[in-house]
Structures are given as structure tokens and as C-alpha cells.
Undergrad: 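Submitted below is the structure of interest, expressed as C-alpha cells.
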Number of protein chains: 2
Amino acid sequence: MGNQKTINEVSRIFNSYLKSRGHRKTPERYSVLQEVFNQSSHFNVESLYLKMKNENLSISRATIYNTIELLLDSNLIKRHQFGKNIAQYEKSFEQKQHDHLICLDCDKVFEFCDPRIHQIQTSTGKLFNFNISHHALNFYGRCQELINKEYCENKGEG
Amino acid sequence: MGNQKTINEVSRIFNSYLKSRGHRKTPERYSVLQEVFNQSSHFNVESLYLKMKNENLSISRATIYNTIELLLDSNLIKRHQFGKNIAQYEKSFEQKQHDHLICLDCDKVFEFCDPRIHQIQTSTGKLFNFNISHHALNFYGRCQELINKEYCENKGEG
DNA sequence: CTTATTGCAAAGTGTTTGCATCTTA
DNA sequence: TAAGATGCAAACACTTTGCAATAAG
């Protein structure tokens, strides 16, 4: 919603990123990008690896870690840590800036937007003379709505 | 500043927490608490362990991990992840609520306060019917001030 | 044909667990 | 003296690294 991109557009971005950095175009890199594109929500390296293996794609963990770095560097994905020692990722194309609500009961992650955060970022940057490139705002708590309860039931899904 | 607590007050809090949960009072638990009390800034389990070993205190990593859980549960410390796979802790007594600025060049962490965050927390909680217990707001960027440059020089210290 | 990239396995790192030994209550 | 806590080492989970084989340009 808003500024969705097709896999072709995203490939083109990745393509020109690779070219600009003198990195080679390999089938593995594009298959990781495709898989990331298919993710509807947050994912981690292991889940991505298993998913790809399950689809009989030829890939190794090392290559996924390698490619993830390139995708981060080209701003096609974002990295998060939601209070656990596992890096979570999400694609950063096709969605507007948002932050996260994390349920401490079911680990489910919800997204929200609030323009005031950007104001705080700007004024804090000025105050500290800090060149802020990005932020992470996480609210931790317990979801209570019926609609959320549903999610809460299939605990620890991701 | 504001509501500092002495080690005696903190011990009393820990003491009554342990009693209320039926946990035993052990010298190790109190020596971890003392060490945490002595920390002026963020710390992690390994740094705490090495510091204690250096002071010839008898302690094991396992016991520190164990005690850290109790200190978290009794709200005497807070846990953070600043974008790395290492849990960072800080004492949560004797200081007011604050958030963090993380320098991507030198890994140094700065603290700031902004009351607007609490407003966002309240309205987001209402909007999602989420019972929010706490939050983490991290700004990532590069520090530029001379005063900060100093910190930046002894890279990777904390 | 040169050199970046892949993929495996080994090593690294932070954390958790199992269990025998101690110690608190 | 019984249940809980400690401490060591082994196990774990995620990530990084070394290196021979492969493939992009």
C-alpha cells in the first residue's frame, strides 16, 4: 500500500547496486532476493535457509549471510532485534516507515506508525549534533484484543 | 540525580524480592548486585564476570546469568540490545527514564530524555489495546561533536 | 583466465543446560 | 537434611571464517 514495488523493480535496484559496487551478479543472490520478496513478515536467516532448502533451491547459509549484508547495504531490507539474540529482517521496499509492538506473551510483532517519532529524531539529532541515520522504537507489552488473541494463540510463530 | 539509591536501599529491595519469591539469599547474588551497583554505564555478562574475577571474587558465569534474571525480574536492571547480538544491561534504580543514541562509528552509547515518547507510548497502547510495559527507542547515527569525538577515539569500549 | 563467489565444515561467541557438589533455611 | 544454588564443562544457537572448488566477467 502506498509505494509497492514489483520483483522486477526491486531486482533492477539490486542490479544497479551490485554493478555500482563491482559485485558480481550470481543466481544465488537473486534467488535470495526473490525469497526475501516473498516474505510477508519478519524473517531470520535460518527460516529463510530452511524455506529455500524446502523449495529445493541450491543455497548455503554462508551465501545467505553474505547476501543479507548486500541487501542491508543497498537498503532493500532492514535488520531488527526484538529483545532476543536473533537478528530479524524485513524488506524495506513497498512499505512506509513504521515501528513495532512486541507481545511478551506470544512474541508476535505488530506494526504502527506515528509521525511524532520523526520529530523526536530531528530534535534529538540537533541537540546532540548527531547525524542520525535511522531509529528503532519497540513497545513491549501484552496484546489484549480478541483480534490479537488469535495471533497470540499460535505462539512463537515468528 | 533525582532519586539515587544507596547500595543498602537496593539490597533491601532485592532482599524482599528474594523473600517474596522464596529464593535463597546467597553471597554470590549479593556480590553480583554490588558489582552491578558499581557499574557507571552499560555492561554485559562477560565484562561483569571478568571484572569480578579480577577482584578475586568467587563467581561463575552461570551464577551471573542466573542472578541477572532475578535482577531483571525485580526491576533492578534493564536489558538492551543495541543492534548487536550481545545483551547489554544497566541498573534501573537511581536514574530517570531515558533512551539511547548509538554511534555507528565507535559503538558509544549516549542517553537522552524526551517526554514525547511517553505520549506516543500511551496513545499507541490505547490504539492497539496493548498493555505496554516498557519501550526501547534507539537512534543510530554518527556523533560529530568534539566532546563526542573524544569518546569516539577509544573505539569499542562499551 | 583471473578473481570474486559459493558451500562446506570448522571455529567463534554469547547463552543455556546437566549434574555433581555445596549451602541455605 | 532436604530443596535450592553454585560452578564447571558440555551443549546450543546464531554467526563468522578458512579454504578448495566453481563460475562470472
Undergrad: Round to a whole Å and report the spacing from CG of Leu71(B) to P of dA5(D).
TA: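 Interatomic distance, CG of Leu71(B) to P of dA5(D): 14 Å.
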
Undergrad: If only side-chain N and O atoms of Asn66(B) are considered, is one of them under 4.0 Å from the OP1 or OP2 phosphate oxygen of dA5(D)?
TA: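 So the side-chain polar atoms of Asn66(B) never come under 4.0 Å of the phosphate oxygens OP1 or OP2 of dA5(D).
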
Undergrad: Would you indicate which nucleotide in dT6(C), dA5(D), dG25(D) comes nearest to any side-chain atom of Lys25(A)?
TA: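 Ranking dT6(C), dA5(D), dG25(D) by closest atom to the Lys25(A) side chain puts dG25(D) first.
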
Undergrad: Between Lys78(B) (side chain) and Glu90(B) (backbone), is there a donor-acceptor pair under 3.5 Å?
TA: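 No: the side chain of Lys78(B) does not pair with the backbone of Glu90(B).
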
Undergrad: Write down the distance between CD (Glu46(B)) and C1' (dT13(C)), rounded to a whole number of angstrom.
TA: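 After rounding, the reported distance stands at 9 Å.
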
Undergrad: Roughly how many Å is it from CD1 in Ile86(B) to C1' in dT15(C), rounded to a whole number?
TA: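 Result: 12 Å.
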
Undergrad: Map Ala62(B) and Arg24(B) onto DNA chain C by nearest heavy atom, then report which one ends up closer to the 5' terminus.
TA: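 Taking each residue's closest nucleotide, the earlier one in sequence belongs to Ala62(B).
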
Undergrad: Do Ile68(B) and Leu70(B) belong together in a cluster built from hydrophobic side chains that touch within less than 4.5 Å?
TA: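 Same hydrophobic cluster.
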
Undergrad: Could you tell me whether the side chain of Asn38(A) reaches within less than 4.5 Å of the side chain of Phe43(A), counting heavy atoms only?
TA: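 A side-chain contact under 4.5 Å is absent here.
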
Undergrad: Check for me, please, whether Ile102(B) and Ile86(B) land in the same ILVMFWY cluster - side-chain distances under 4.5 Å, paths through other members count.
TA: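 No, Ile102(B) does not connect to Ile86(B) through the hydrophobic network.
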
Undergrad: Identify which nucleotide among dA5(D), dT15(D), dT6(C) has an atom closest to any side-chain atom of Glu28(A), counting heavy atoms from C-beta outward.
TA: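 Closest of the options to the side chain of Glu28(A): dT6(C).
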
Undergrad: Using heavy atoms to find the nearest nucleotide of DNA chain D for Gly22(B) and Lys53(B) separately, return the residue whose nucleotide is more 5′.
TA: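 Whichever sits nearer the 5' end wins; that is Gly22(B).
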
Undergrad: Taking CZ from Phe82(B) and P from dG14(C), how many angstroms apart are they, rounded to a whole number?
TA: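 It is 16 Å, rounded to the nearest whole Å.
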
Undergrad: Is the His80(A) ring parallel, tilted or perpendicular to the Phe82(A) ring (thresholds 30°, 60°)?
TA: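 Plane angle under 30°, so parallel.
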
Undergrad: If you assign Arg29(B) and Tyr89(A) each to the DNA chain D nucleotide with the nearest heavy atom, which residue ends up on the more 5' nucleotide?
TA: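 Between the two, 5'-proximity favours Arg29(B).
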
Undergrad: Under 4.0 Å, counting only non-hydrogen atoms across every strand here, what does Asn44(A) touch: a base, just sugar-phosphate, or nothing?
TA: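 Nothing, no nucleic acid heavy atom in range.
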
Undergrad: Nearest whole Å is fine: how far is dT6(C) C1' from Met52(A) CE?
TA: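 That distance rounds to 13 Å.
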
Undergrad: In whole Å, what is the span from the OH atom of Tyr49(B) to the P atom of dT15(C)?
TA: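 Spelled out: OH on Tyr49(B) to P on dT15(C) is 15 Å.
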
Undergrad: To the nearest angstrom, how far is Asn15(A) atom CG from dG25(D) atom C1'?
TA: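 To the nearest whole Å, that distance equals 14 Å.
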
Undergrad: Determine whether the aromatic ring centres of Phe128(A) and Phe139(B) lie less than 6.0 Å apart.
TA: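 No.
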
Undergrad: Is there a side-chain contact between Asn85(A) and the phosphate of dT15(C), meaning an N or O under 4.0 Å from OP1 or OP2?
TA: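 It does, given that an N or O in the side chain of Asn85(A) lies less than 4.0 Å from OP1 or OP2 of dT15(C).
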
Undergrad: Please tell me if His23(A) has a side-chain N or O lying less than 4.0 Å from either OP1 or OP2 of dA4(C).
TA: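 It does not, given that no N or O in the side chain of His23(A) lies less than 4.0 Å from OP1 or OP2 of dA4(C).
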
Undergrad: Please tell me which of Arg61(B) and Thr63(A) maps to the more 5' nucleotide of DNA chain C, matching each residue to the nucleotide holding its nearest heavy atom.
TA: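 Closest to the 5' end, via its nearest nucleotide, is Thr63(A).
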
Undergrad: Nearest to the side chain of Tyr65(B), which nucleotide is it out of dG7(C), dT6(D), dT15(C)?
TA: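 Closest nucleotide among those given: dT15(C).
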
Undergrad: Picking from dC14(D), dT15(C), dG7(D), which would you name as closest to the side chain of Ser58(B)?
TA: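 Within the option list, the nearest is dG7(D).
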
Undergrad: OP1 or OP2 of dA23(D) versus the side-chain N and O atoms of Thr26(A): is any pair under 4.0 Å?
TA: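 Checking Thr26(A) against dA23(D): no side-chain N or O falls below 4.0 Å of OP1 or OP2.
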
Undergrad: Separation of Gln81(B) atom CD from dG14(C) atom P, in whole Å?
TA: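 Distance check: Gln81(B) CD to dG14(C) P gives 12 Å.
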
